[in-house]
Amino acid sequence: MATMRPIKRIGILTSGGDCAGLNAIIRAVVNHAKRAHDWEVIGIRRGTDGLADRPVDAVELDFDMVPGYVMMMSGTILGTTSRGNPFKDQLEGSGRIDAIVGGYHNLGLDGLIGIGGDGSLDILRRLAERGDWNLIGVPKTIDNDVAHTDTATGFSTAVAVATEALDRLHFTAASHQRVMVLEVMGRDAGHIALRAGIAGAADVILIPEVPYSMAAIKEKLRRRAGRGKNYSLVIVAESVRTESGEAVTQSFGDGDARYGGIGHHLAARIAEETHAEVRVTVLGHVQRGGNPTYVDRVLGSSFGVAAVDLIAAGKFDRMVAWQGRQVVDVPLSDVIGGPVLVDPIDPLLHTARALGISLGD
Ligand code: F6P
């Protein structure tokens with residue numbers, strides 16, 4: 001697809017929702033590209049929005065811009081965007097695609113490292129095809145739903161934050177004999193809720209992949225009460241639907257519906273059915289920030305180094321991935337195609353059930 005010439009100058013951008021570990025990737029790319037190859041590294045600001053600007057919104061990255069402590073910061077020092085998919089109907093033909101594609105050539109890049117989730121990587125790949133870019137993808141998302149990688153940057157920190165929230169809620173639940181409902185993120189997938197629910201000793205874990213009934217939840221709470229446990233912790237993924245199958249969403253005036261509200265919906269139903277005192281916590285974007293875990297720092301660092309190695313080897317249209325105990329690379333085309341959900345035979349479902357956690361089924 002893309003043309004090959006000696007590499008001198010590469011670009012890097014972050015795209016889609018921010019998460020922990022992005023700055024570890026950027027730091028690793030700068031360090032490895034400069035130390036091993038003496039390449040120029042251009043950081044593009046605000047994702048594809050920055051590429052569409054003229055002049056392109058970009059900055060040359062040097063060692064002093066990515067000190068060690070940058071890994072302790074969540075977010076992205078380059079900024080990002082999760083809006084304005086140039087391939088959406090209303091933007092097709094507006095010249096935006098050409099502007100973004102041209103931004104790469106305007107900067108004189110020989111390769112681009114695009115950090116994104118499956119949606120952003122799909123957009124970047126389509127742009128790369130149009131513009132004959134040398135593209136390498138790096139997976140990041142708290143949702144951990146990118147195909148062909150065991151884990152994506154940002155997931156570990158999100159799970160750690162959700163686990164800590166359950167830890168904190170535990171004591172209020174016990175002290176007040178309440179049912180505490182914690183709603184966590186995970187657009188379409190229940191990976192965060194499943195792991196945090198196990199780690200945080202939830203009594204009920206609800207994920208979109210496992211259909212639930214109020215009757216099963218009620219029965220679980222009743223059995224706990226029968227054993228003198230008059231409090232419970234319920235963790236629910238934002239993308240869980242109502243019992244009758246409706247998605248619970250919120251609109252913030254930008255035309256997009258976002259998940260949010262299932263926690264309150266469930267709390268009302270639980271209160272109705274059990275007369276328990278129920279409270280809700282919606283964790284939201286708190287899961288995307290905070291102190292990146294060592295896993296996200298190591299993963300981000302490994303991914304950044306591997307992405308530079310791929311460019312040096314002239315292997316493009318690939319995504320770096322974590323499989324087993326190491327970094328590998330896979331064709332970007334294999335990664336596109338929708339989120340990877342919790343598998344019905346995921347061993348963690350068995351783990352949860354064996355621990356006595358109700359999955360609501
Ligand atoms: O995909 C990451 C994610 O944090 C989802 O878990 C969540 O549904 C969504 O992004 C929130 O998007 P926004 O930041 O646009 O509100």
Side-chain angles (χ1 to χ4, degrees), residues 13-22 25 46-49 74-76 78-86 88 114-124 137-147 149 151-163 165 182-197 205-209 235-242 246-266 280-290 292-293 296 299-300 319 335-342:
L13 61 79
T14 44
S15 185
D18 74 322
C19 62
L22 296 175
I25 303 172
R46 300 180 295 113
T48 46
D49 282 355
S74 50
T76 158
L78 293 176
T80 186
T81 180
S82 54
R83 301 180 63 174
N85 176 352
K88 268 196 180 166
I115 308 167
D118 66 328
S120 305
L121 291 175
D122 183 22
I123 294 169
L124 288 172
V138 178
K140 66 86 218 170
T141 167
I142 66 165
D143 299 343
N144 202 28
D145 56 0
V146 178
T149 185
T151 190
T153 320
F155 176 58
S156 159
T157 303
V159 173
V161 172
T163 302
L182 177 67
E183 178 183 311
V184 296
M185 280 186 164
R187 186 162 38 202
D188 304 314
H191 301 288
I192 297 175
L194 182 56
R195 278 167 181 74
I205 300 176
L206 301 177
I207 59 174
E209 296 88 344
I235 186 168
V236 56
E238 61 177 1
S239 44
V240 165
R241 293 175 172 249
T242 65
E246 286 127 32
V248 185
T249 58
Q250 290 182 342
S251 167
F252 296 96
D254 61 358
D256 290 332
R258 292 186 166 73
Y259 287 122
I262 185 65
H264 283 94
H265 170 86
L266 278 170
V280 188
T281 302
V282 180
L283 214 43
H285 294 82
V286 167
Q287 292 153 100
R288 299 225 302 237
T293 60
D296 281 332
L299 197 63
M319 183 189 80
V335 173
I336 313 303
V340 174
L341 305 182
V342 174

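Only heavy atoms go into these numbers, but all of them, side chains included; no hydrogens, no water, no symmetry mates. Throughout, residue positions are numbered sequentially from 1 according to the sequence presented. Just so you know, ligand 1 is whichever comes first in the structure, and atom 1 is the first atom listed for that ligand.
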* To do: Tell me, with the steps shown, if Asp143 and Asp188 meet side-chain contact (heavy atoms from CB on, under 4.5 Å).
  => CA-CA 8 Å; Asp143 299 343; Asp188 304 314; over 6 Å; no
* To do: Report the C-alpha separation of Val146 and Met319 in whole Å, then their side-chain angles, then the decisive distance to 0.1 Å, and conclude whether the side-chain contact (heavy atoms from CB on, under 4.5 Å) test is met.
  => CA-CA 11 Å; Val146 178; Met319 183 189 80; 3.9 Å; yes
* To do: Would you please test Phe155 and Ile142 for side-chain contact (heavy atoms from CB on, under 4.5 Å) and show each step?
  => CA-CA 4 Å; Phe155 176 58; Ile142 66 165; 5.6 Å; no
* Structure fact -> Contact set, ligand 1, heavy-atom distance under 4.0 Å, ordered by chain/number, equals Ile142, Asp143, Met185, Gly186, Arg187, Glu238, Arg258, His285, Arg288
* **Smallest separation among heavy atoms of Leu78 and Thr14, with atom names** => CB-OG1, 4.0 Å
* To do: Could you walk me through whether Met185 and Glu238 pass side-chain contact (heavy atoms from CB on, under 4.5 Å), step by step?
  => CA-CA 5 Å; Met185 280 186 164; Glu238 61 177 1; 3.8 Å; yes
* Looking at NZ of Lys140 and OG1 of Thr149, how far apart are the two atoms once the value is rounded to the nearest 0.5 Å? -> 13.5 Å
